[in-house]
Peer 1: 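Structure in structure tokens, see below.
Reckoned from all heavy atoms, side chains included, excluding hydrogens, waters and symmetry mates.
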Amino acid sequence: MVPFDVPRGRRKLARYLGADEARWDERFVHYLHDDPAQRGTVWLRVNPHP
């Protein structure tokens, strides 16, 4: 688990939802604008082992 990175999250969401945040479902907008520590938003980093 690593801390949520808002700029990276915005890039990932924009790739799939489009650049206009006003058109996004409210659930996704909250990921960017709510406090990640309070919300519990984190990234899960997966490192595969061959």
Peer 1: I'd like a table of donor-acceptor pairs (distance under 3.5 Å, sequence neighbours excluded) in which one partner is a side-chain atom from residues 38-50, with atom names and distances.
Peer 2:
from  : atom 1 : to    : atom 2 : distance (Å)
Arg39 : NH1    : Asp34 : OD2    : 3.3

Peer 1: What pair of heavy atoms forms the shortest contact from His30 to Glu26, and how long is it?
Peer 2: CD2-O, 2.9 Å
Peer 1: Tyr16 and Leu32: same hydrophobic cluster, using ILVMFWY side-chain contacts below 4.5 Å?
Peer 2: no
Peer 1: Atom CH2 in Trp24, atom CG in Leu13: separation rounded to 0.5 Å?
Peer 2: 4.5 Å
Peer 1: For Asp20, give me all partners under salt bridge (charged side-chain N to carboxylate O under 4.0 Å, His left out), at least two apart in sequence or on another chain.
Peer 2: none
Peer 1: Hey, what do you get for CZ (Phe4) to CG (Asp35), rounding to the nearest 0.5 Å?
Peer 2: 11.5 Å
Peer 1: Would you give the length of the straight line joining atom CZ of Arg11 to atom CG of Asp5, rounded to the nearest 0.5 angstrom?
Peer 2: 6.5 Å
